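Since we're looking at a predicted model, the values are computed, not measured. We count ligands from 1, going down the list as the structure has it; atoms in each ligand are counted the same way. Every heavy atom of this structure was used, including side-chain atoms; hydrogens, water molecules and symmetry mates were not.
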Amino acid sequence: MSVRTYRAKTLKDAMTRVRRDLGGSAVILGTRETRRRRLFGFGTREEVEVLASDDGAAAPARRGGTSDPGAPRDVAREALEGTIGARLGELHGMVESLIERGRLDPLLPEMPSDLVPTYASLLDADVPESLARRLTKHVADELDPAELHRPERVREALVEAVESALAIAPPIAAAAGSRRIVALVGPTGVGKTTTVAKLAANFKLVQGIRPGLVTVDTYRIAAVEQLRTYAEIISIPLSVANTPAETRNAIEELGDVDVVLIDTAGRSPRDEVKIRELADFLIEARPDEVHLVLSAAAGERALRAAVERFSLVRADRLILTKLDEAEGLGGLLSVIGGADRPISYLTTGQAVPDDIEPADRSRLARLILGQEYVHERATIAV
Ligand SMILES: Nc1nc2c(ncn2[C@@H]2O[C@H](COP(=O)(O)OP(=O)(O)OP(=O)(O)O)[C@@H](O)[C@H]2O)c(=O)[nH]1
Ligand SMILES: [Mg+2]
């Protein structure tokens, strides 16, 4: 007799699954209503849990012959046993290593053994433990018990779970003949200026859209020169605003352009005064879009602090840079979930204009899960 737990949104759904698995011989041992935490975000959802067993009569009858010690061994069956043995060995190794790292005890009661490798792979991808547990549990809930030992099905369910946590913004809405004002803000050294240059070059060279650049970064002596060099290479206008009051003029000075890209000075997330000053520039600039630039190579705590402190400037999108430098992208997942802003672009190296791509949900989910590599496929033109 085997006893299984079935969870579903309604009793009817749970019973359908019981009947499908156990057929007419199902014995219901108990039912209860549960509240489960939502995967991402807050709150709970109601679920019904049904504990069911077959009564033993429905257990598949032993195949005649194979249990007879004198009978010749079935070659296919031996091969299957070999595969199962190897897989059990693998699982055993994983469980041992998780126990050694003190990471399995709290999960053992509820994690199906088929999903232990999934959990281990999430930790390998640097997904924080609590989120890895929730994702694994989500996969267990979404799949039928019979699907849990199909690795490709588990992988798909995991990608879907991560995708559902990613909000994606469309690329910058620039079009010839209209004027879009876009500002990039963020901590120091994350790649704002380089990203502005990549975007400008792609607009002009690939899309035939006329960009103009404004810098409000007059703090570092080299900052204006850095952007001026790009403006000269791409052959586009650049103007400089030294104070918030000059910003509007600087935009007008660009003349007839379709998209204005504003590069701003990097600010330490700890420096609230400077972030407020940046907010003053943006009030004058009246941008249509503000993209907060975050380096994927930064630690989870630094990313969280940046998201929190830069909320003062009301960024409405995220650009993730330096994906090529990040060791594991799993830490990004909870930061992105908490940031509550869609992701517009990913940058994957120093090369201007190539190393940038519009954010793509499935690509980012696979990158985070370590199922795809940054430079595995050709760069997409912005
Ligand atoms: N590996 C890698 N390096 C990048 C990427 N984007 C920018 N960089 C490098 O990061 C460094 C800083 O880039 P900047 O564009 O000057 O950064 P910033 O945010 O403008 O810096 P501040 O203006 O000083 O705050 C440069 O060496 C860039 O080449 C990327 O996607 N991957
Ligand atoms: Mg800069």
J.: Output the list of atoms in ligand 1 that are nearer than 4.0 Å to some heavy atom of Thr347, sorted by atom number.
T.: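 Going through ligand 1 atom by atom, the ones under 4.0 Å from Thr347 are 30 (C), 31 (O).
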J.: Between Arg153 and Glu147, is there a side-chain N and carboxylate O pair less than 4.0 Å apart?
T.: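 Salt bridge present between Arg153 and Glu147.
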J.: Could you list the atoms of ligand 1 found under 4.0 angstrom from a heavy atom of Asp217?
T.: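 In order of number, 23 (O).
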J.: Lys274 side chain to Ala265 main-chain N or O, any donor-acceptor pair under 3.5 Å?
T.: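 Here the side-chain-to-backbone pair does not exist.
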J.: Quick one: nearest non-hydrogen protein atom to atom 1 (N) of ligand 1, plus distance?
T.: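 Of the protein heavy atoms, Asp324 OD2, 2.7 Å lies nearest.
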J.: With distance as the sole test, does Arg134 use its side chain to make a donor-acceptor pair with the main-chain N or O of Glu129 at under 3.5 Å?
T.: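 Checked: no pair found.
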J.: Provide, to 0.1 Å, the distance between atom 28 (C) of ligand 1 and the closest protein heavy atom, together with that atom's residue and name.
T.: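 The closest heavy atom on the protein side is Thr194 OG1, 3.6 Å.
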J.: Just to check, does Ala223 reach to within less than 4.0 Å of ligand 1 when the distance is taken from its heavy atoms?
T.: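 Contact check Ala223 vs ligand 1: negative.
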J.: Looking at Thr348, is its backbone amide N or carbonyl O close enough to the side chain of His375 to form a donor-acceptor pair, meaning the two atoms are under 3.5 Å apart?
T.: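 Yes; judged by distance alone, with no hydrogens or angles, the pair exists.
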J.: Counting N and O atoms only, with roles assigned by atom type, does the side chain of Arg341 sit under 3.5 Å from a partner on the main chain of Ala315, one being a donor and the other an acceptor?
T.: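 Pair found, side chain donor or acceptor close to backbone of Ala315.
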J.: Give, for atom CD1 of Ile172 and atom CG of Asp258, the distance between the pair rounded to the nearest 0.5 Å.
T.: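 Taking CD1 in Ile172 and CG in Asp258, the distance rounds to 12.5 Å.
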J.: Decide side chain to side chain donor-acceptor pair (under 3.5 Å) for Asp263 and Thr193; before the verdict, give the C-alpha distance in whole Å, the side-chain angles of both, and the deciding distance to 0.1 Å.
T.: CA-CA 6 Å; Asp263 186 24; Thr193 305; 2.6 Å; yes
J.: Counting only heavy atoms, tell me which of Gln350, Glu325, Arg267 gets closest to atom 26 (C) of ligand 1.
T.: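 The nearest heavy atom belongs to Gln350.
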J.: I want to verify a count. Protein N, O or S atoms less than 2.8 Å away from the Mg ion (ligand 2), how many are there?
T.: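 My tally for this metal is 1.
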J.: Between Val190 and ligand 1, which part of the residue brings a heavy atom under 4.0 Å of the ligand: side chain, backbone, both or neither?
T.: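 Within the 4.0 Å criterion, Val190 contacts ligand 1 through backbone and side-chain atoms alike.
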J.: Report the residues that fulfil side-chain contact (heavy atoms from CB on, under 4.5 Å) with Glu152, sequence neighbours left out, ordered by chain and then residue number.
T.: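 side-chain contact (heavy atoms from CB on, under 4.5 Å) list for Glu152, sorted by chain: Arg150, Arg155.
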J.: Looking only at protein heavy atoms, which one is nearest to atom 17 (O) of ligand 1, and what is the separation?
T.: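 Here the nearest protein heavy atom works out to Gly191 N, 3.0 Å.
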J.: What part of Lys322 sits under 4.0 Å from ligand 1 if we count only heavy atoms: the side chain, the backbone, both or neither?
T.: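 Lys322 to ligand 1: contacts from backbone and side chain alike.
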J.: Should Asp263 be counted as touching ligand 1, given the test is an N or O pair under 3.5 Å?
T.: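 The answer is no, given that Asp263 and ligand 1 share no N or O pair closer than 3.5 Å.
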J.: side-chain contact (heavy atoms from CB on, under 4.5 Å) with Arg210: which of Val259, Ile236, Leu254, Asp256?
T.: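 Going through Val259, Ile236, Leu254, Asp256 one by one, the side-chain contact (heavy atoms from CB on, under 4.5 Å) with Arg210 is satisfied by Asp256 alone.
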J.: Salt-bridge test for Arg304 and Glu308: reply yes if a basic N is under 4.0 Å from a carboxylate O, no otherwise.
T.: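 Judged by the 4.0 Å cut-off on N to carboxylate O distance, Arg304 and Glu308 do not form a salt bridge.
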J.: Gln226: heavy atom below 4.0 Å from ligand 1, yes or no?
T.: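 A heavy atom of Gln226 does come that close to ligand 1.
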J.: Can Leu184 be reached from Ile251 by stepping across I, L, V, M, F, W or Y side chains whose heavy atoms are under 4.5 Å apart?
T.: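 No, Ile251 does not connect to Leu184 through the hydrophobic network.
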J.: Can we say Glu272 and Arg309 salt-bridge, meaning some charged N sits less than 4.0 Å from an Asp/Glu carboxylate O?
T.: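 Looking at Glu272 and Arg309, the cut-off is not met.
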J.: Strictly distance-based, threshold 3.5 Å: is any side-chain N or O of Arg228 a donor or acceptor partner for the main-chain N or O of Gln226?
T.: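 The answer is no, because no donor-acceptor pair under 3.5 Å joins these two groups.
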J.: Give the residue, atom name and distance (to 0.1 Å) of the protein heavy atom nearest atom 23 (O) of ligand 1.
T.: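 Checking every protein heavy atom, the shortest distance to atom 23 (O) of ligand 1 gives Arg220 NH2, 3.3 Å.
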J.: Could you tell me whether some N/O pair between Thr193 and ligand 1 is separated by less than 3.5 angstrom?
T.: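 In this structure, Thr193 places an N or O atom under 3.5 Å from an N or O of ligand 1.
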J.: Which protein non-hydrogen atom lies closest to atom 30 (C) of ligand 1, naming both residue and atom, and how far is it?
T.: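 Of the protein heavy atoms, Gly349 O, 3.1 Å lies nearest.
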J.: Please find the pair of heavy atoms, one from Asp21 and one from Arg4, that lie closest to each other, and give the distance.
T.: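 What the structure gives for the nearest pair is OD2-NH1, 2.8 Å.
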J.: Among protein heavy atoms, which lies nearest atom 12 (C) of ligand 1, and at what distance?
T.: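 So the nearest neighbour among protein heavy atoms is Gly189 O, 3.8 Å.
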J.: Within ligand 1, which atoms have a heavy atom of Gly266 less than 4.0 Å away?
T.: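 Reading through ligand 1 atom by atom, the close ones are 25 (O).
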J.: Considering the heavy atoms of Lys192, write down every atom of ligand 1 situated less than 4.0 Å from one of them.
T.: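 Once the distances to Lys192 are compared, the set is 15 (O), 17 (O), 18 (P), 19 (O), 20 (O), 21 (O), 22 (P), 25 (O).
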